[in-house]
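Report on the following structure.
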There are 2 protein chains.
Amino acid sequence: MPRTSPLNQDISLSLIKTACSSCNLRELCLPFGLNLEELERLDDMVSTRRRIKRGDHLYRAGEAFDSIFAIRSGFFKTDVLLEDGRDQVTGFQMAGELLGLDGISTEHHTCNAIALEDSEICSIPFSRLESLSREIHTLQHHFHKVMSREIVRDHGVMMLLGTMRAEERLAAFLLNLSQRFTARGFSHAEFYLRMTREEIGSYLGLKLETVSRAFSRFQEEGYIAVQQKHIRILDVNGLKALMNHRS
Amino acid sequence: MPRTSPLNQDISLSLIKTACSSCNLRELCLPFGLNLEELERLDDMVSTRRRIKRGDHLYRAGEAFDSIFAIRSGFFKTDVLLEDGRDQVTGFQMAGELLGLDGISTEHHTCNAIALEDSEICSIPFSRLESLSREIHTLQHHFHKVMSREIVRDHGVMMLLGTMRAEERLAAFLLNLSQRFTARGFSHAEFYLRMTREEIGSYLGLKLETVSRAFSRFQEEGYIAVQQKHIRILDVNGLKALMNHRS
DNA sequence: GCTTTAGCTTGATCCAAGTCAACCGAAAAA
DNA sequence: TTTTTCGGTTGACTTGGATCAAGCTAAAGC
């Protein structure tokens, strides 16, 4: 939501001005744990908000890195392209999550970030994030936690790709989405997929046909109801059980 | 190497005292880019060195996190255990690399770190690393780069697990090891594997038999010479070509 | 020294997921 | 409105790697 200070009636400015202090994602995003005064200093840093239309790139692999991005609304995927044309989706990101952390290491982005629906992002110039986190201990620590969480998440995906069979992977994927939607106040049982079967397959190391077949099986078993991109989870425990049984 | 200041002849103390400023890994490890004065402040922080015998745990999943670890010498693996007994090796770490970054997020370690040969590590209390990096800009930035590099590395493994066939995975693995040994001044063409076929397989999402067969094929093709854990790379380009051709 | 055991290799067989192909349905374009 | 296109589903067939099994090698223990 835009800032609506009674002292500042300049609507056109306030609309493009981002304000972490009034953002309803502040408990999920970078501002987590900051007090009011610290929040206002963060507001100064996160200067620009930008709209990204569905299908557009937020950044491309190889571009110079200078900011990380917080998703204010919408849905993204990141993917990596190999020289020989193979590519893989490395993640799906939703509101409150950060994009671009991979670029810090080489000062160039190492993957593409593409909007899967019309989205809004906040740019956070990285050098300013570093200088502010030298002053605000809480911000520094939270940022470290976010980076570490990304590493843990990636280990989870490696686990999934390395040890799970097709249906287990898809079950894990659906449960993960459900859990993230819940954290954002949406239904845990009913949602629309923003990505195609092919993108799901790429992320899970499967072909689109295999993803489609697994959806059909889940439906036959009564775990879910699928209609194209519309998913209803009917039996969370069924899906969970599917994952924990070594077969 | 231990500190050998002419002013401090207390050998017993200097042996257990770590000194980043005289460590020959400082260009690979956390001290990278620091000046002398900054290095000495880092020395104060990295207080303890510890020996870990082959097969012993440096830490276990679930333990409280309070330090990250730099490998001074030796070789480690990290692995994750799922409830149902499945496990997967998530990485192999060698001298100059950091262990424990995954623990920052939840303040508990999320994987096990096990020495694959007798090793020495430096403990770096994380809260002190944070406070020091609030003062030393270069340290802060370098630490962020190291965390980011870990994320990029994990994306590479996801790519490998998601899109490559068995022989491509093993070729990528050997080339990666070779490159890391080179960076440490060892031969790029000849080295001993510290891990078993089963551990390699676990890391690459393959069974040990498949790893063994791939080694044999590489030998038949003249790419490498294998004898148990002793590897000689005879044709780097052969291995590289194997990875880049979509088949 | 010999014995044991953990790790490695190789062969035979099987199966989960990939490939190829046809068709369907929904949404976008004309 | 009709047509086209893109994404999804389903079936038939193939295959890469898993599984099962036997034997080998080298280092560790006695």
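Each chain gets a letter, A, B and so on, in the order its sequence line appears, and its residues count up from 1.
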Protein-nucleotide distance ([X], atom [atom1]; [N], atom [atom2]), rounded to Å:
X: B:H230; N: D:dT25; atom1: NE2; atom2: P; result: 19 Å
X: B:M164; N: C:dG18; atom1: CE; atom2: P; result: 16 Å
X: A:E167; N: C:dA16; atom1: CD; atom2: C1'; result: 10 Å
X: A:L193; N: D:dG7; atom1: CG; atom2: P; result: 14 Å
X: B:L170; N: D:dG16; atom1: CG; atom2: P; result: 17 Å
X: A:R217; N: C:dA17; atom1: CZ; atom2: C1'; result: 14 Å
X: A:K207; N: D:dG7; atom1: NZ; atom2: P; result: 16 Å

*Any Lys/Arg nitrogen of A:E117 or A:R54 sitting under 4.0 Å from an Asp/Glu carboxylate oxygen of the other?*
no
*asked:* Whether A:R184 and A:E97 form a salt bridge (side-chain N of Lys/Arg under 4.0 Å from carboxylate O of Asp/Glu) is what I want to check.
replied: yes
*Assign a letter to each nucleotide of nucleotides 8-13 of chain C from its 5' end: B, base within under 4.0 Å of a protein heavy atom; S, sugar-phosphate only; -, no contact.*
SBBBB-
*Over all atoms of both residues, closest heavy-atom pair of A:S148 and B:D102*: OG-O, 3.2 Å
_Could you report the tightest heavy-atom contact between B:L99 and B:A113, atom names first, then the distance?_
CD2-CB, 4.4 Å
*Angle class for the B:Y203/B:F92 ring planes (parallel below 30°, perpendicular above 60°, tilted otherwise)?*
perpendicular
*asked:* Any base atoms under 4.0 Å from B:G201, or only sugar-phosphate, or nothing? Heavy atoms, all strands.
replied: nothing
_A:R169 CZ to A:I200 CD1 distance, which is reported to the nearest 0.5 Å_ = 14.0 Å
